[in-house]
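Have a look at the structure below, then the notes.
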Amino acid sequence: MFEIPGFSLPISFPDRRESKRRITLALLDQDGDIAKELLAGWSHATDAAYSPASRCARALLRHMLEREIETSRQRAISRDASGRPVLEARAGEILPIISISHAGRFIAAAYGFVARLGLDLESSAKTRDLQGIAELAFGPAERRQVEQHGPDAFYRIWTGREALAKATGRAFAQVMDRRDYISEALSEGVAQLYLDGEAWSLAHARPLEHLFLAVAWQD
Ligand SMILES: CC(C)(COP(=O)(O)OP(=O)(O)OC[C@H]1O[C@@H](n2cnc3c(N)ncnc32)[C@H](O)[C@@H]1OP(=O)(O)O)[C@@H](O)C(=O)NCCC(=O)NCCS
């Protein structure tokens, strides 16, 4: 048996020992030995339809979910019409929300027994036109943060926007809507946001120098 090299976000719920109150997250190098073991033991016939990164993320999720739901190994993880990953349900079950992201060699997967959840992982690239993307996609306060604080602010806002967009299911349309979602400078850790009168939590982490990760959820 192997250990997944996950890492914990500083998310503090009242009782972290209670699995129903946790968000569980793992990050994996899809070219590494653990990924190969996962693919050997936790793949499902329906994964054949997906890319190597998507197959690896699905195997990782099944392994992560083993302690939460019965027969996680035998569950298909499909996509709904919007692209959102959906875990195969048995009658009457309460299932966690799942989310997936890929960036270069890395994949990240998360689940939580929460109302909504979205995860995004992004690898920084020196050649990307950050100001140009911010002009196209971000809101005015977010663009100012990128002007003032450079790439770190850009990647925190980018991953935060994508995590929120995956959590709402509006995906690309929301990511590119030029509205401010993250108006204040963010560092690692959990922030509270209010969007259209709804409270959201948004956690950021930087597991490697070039990797930025955000998780957005609603309890
Ligand atoms: C889904 C989306 C939000 C993120 O895509 P991405 O960052 O390119 O890709 P990621 O690897 O992070 O995420 C892919 C996963 O998102 C999930 N996903 C796709 N559509 C989704 C939706 N509507 N809701 C929730 N999750 C979704 C899927 O699980 C997918 O994994 P899979 O292919 O293994 O099933 C995409 O629609 C998008 O908007 N991309 C825009 C990228 C961009 O140009 N950003 C620049 C401006 S900030």
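Each ligand, and each atom within it, is numbered from 1 in the order the structure gives.
The presence of a protein heavy atom under 4.0 Å from atom 37 (O) of ligand 1 is confirmed. Inside a 4.0 Å radius of atom 13 (O) of ligand 1 there is at least one protein heavy atom.
Of the listed residues (Leu164, Ile97, Val190, Leu119), just one forms a side-chain contact (heavy atoms from CB on, under 4.5 Å) with Trp217, and that residue is Val190. In summary, of the residues considered (Asp180, Asp177, Asp120), a salt bridge (Lys or Arg N to Asp or Glu O under 4.0 Å) with Arg161 occurs for Asp177 alone.
By the neighbour-count criterion of 12 heavy atoms within 6.0 Å, atom CG of Asp129 is densely surrounded, having more than that number from other residues, nucleotides or ligands. Atom CD of Glu70 is surrounded by 12 or fewer heavy atoms from other residues, nucleotides or ligands within 6.0 Å.
For Phe138 and Tyr181, the ring centers sit 6.0 Å or farther from each other.
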Are Gln218 and Glu198 close enough, and set up right, to give a side-chain contact (heavy atoms from CB on, under 4.5 Å), and what steps lead you there? CA-CA 9 Å; Gln218 257 184 336; Glu198 291 182 328; 3.4 Å; yes
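Between Arg143 and Glu135 there is a side-chain heavy-atom pair separated by less than 4.5 Å. Side-chain contact between Glu122 and His210 is absent, with no heavy atoms from C-beta onward closer than 4.5 Å. In this structure the side chain of Arg62 reaches within 4.5 angstrom of the side chain of Ile77, judged on heavy atoms. Side-chain contact between Ile182 and Leu202 is present, with at least one heavy-atom pair separated by less than 4.5 Å. Contact check for Phe106 versus Leu28: no side-chain heavy atoms found under the 4.5 Å cut-off. Using a 4.5 Å cut-off on side-chain heavy atoms (C-beta onward), Gln174 and Thr168 make contact.
The aromatic rings of Tyr111 and Phe113 sit perpendicular, their planes meeting at an angle over 60°, well past the 30° parallel limit. Note on ring orientation: taking the six-membered ring where Trp is involved, the planes of Phe212 and Tyr155 are parallel (angle under 30°, cut-offs 30° and 60°).
Heavy atoms of Arg58 come nearer than 4.0 angstrom to ligand 1 in at least one pair.
Taking every heavy atom of Phe138 and a limit of under 4.0 angstrom, the matching atoms of ligand 1 come to 48 (S). Here is the list of ligand 1 atoms found below 4.0 Å of a heavy atom in Ile133: 46 (C), 47 (C). Close contacts of ligand 1 with Ile100, meaning ligand atoms under 4.0 Å from a residue heavy atom, involve 13 (O), 15 (C), 16 (O), 29 (O), 31 (O), 34 (O). Listed by number with element, the atoms of ligand 1 under 4.0 Å from a non-hydrogen atom of Gly169 are 23 (N), 24 (N). Atoms of ligand 1 found under 4.0 Å from any heavy atom of Met176 (numbered from 1 in listed order, with element): 47 (C). When each atom of ligand 1 is checked for a heavy atom of Ser54 under 4.0 Å away, the hits are 32 (P), 33 (O), 34 (O). With ligand atoms numbered from 1 in the order given, ligand 1 contributes 7 (O), 12 (O) to contacts under 4.0 Å with heavy atoms of Asp120. Every atom of ligand 1 with a heavy atom of Ala137 under 4.0 Å away is listed here by number and element: 47 (C).
With a heavy-atom cut-off of 4.0 Å, Ser101 touches ligand 1 through backbone and side chain alike.
Taking only nitrogen or oxygen atoms, main chain and side chain alike, Leu121 does not reach within less than 3.5 Å of ligand 1. At least one N or O atom of Glu162 sits closer than 3.5 Å to an N or O atom of ligand 1. Residue Arg79 has at least one nitrogen or oxygen atom sitting less than 3.5 Å from a nitrogen or oxygen atom of ligand 1, judged on distance alone. In terms of polar-atom proximity, Arg161 is not counted as a contact of ligand 1, lacking any N or O under 3.5 Å from an N or O of the ligand.
Looking at Glu122, Arg84, Arg55, it is Arg84 that brings a heavy atom closest to atom 27 (C) of ligand 1. Nearest-heavy-atom check against atom 48 (S) of ligand 1 across Trp158, Tyr50, Phe172 picks out Trp158.
Among protein heavy atoms, atom 17 (C) of ligand 1 sits closest to Gly83 O, 3.9 Å. Ranking the protein heavy atoms by distance from atom 9 (O) of ligand 1 puts Lys166 NZ, 4.6 Å first. The nearest protein atom to atom 23 (N) of ligand 1, hydrogens excluded, is given as Ser82 O, 3.0 Å; this is a heavy-atom distance. Protein heavy atom at the shortest distance from atom 29 (O) of ligand 1 is Pro85 CD, 3.2 Å. Regarding atom 11 (O) of ligand 1, its nearest protein heavy-atom neighbour is His102 N, 2.8 Å.
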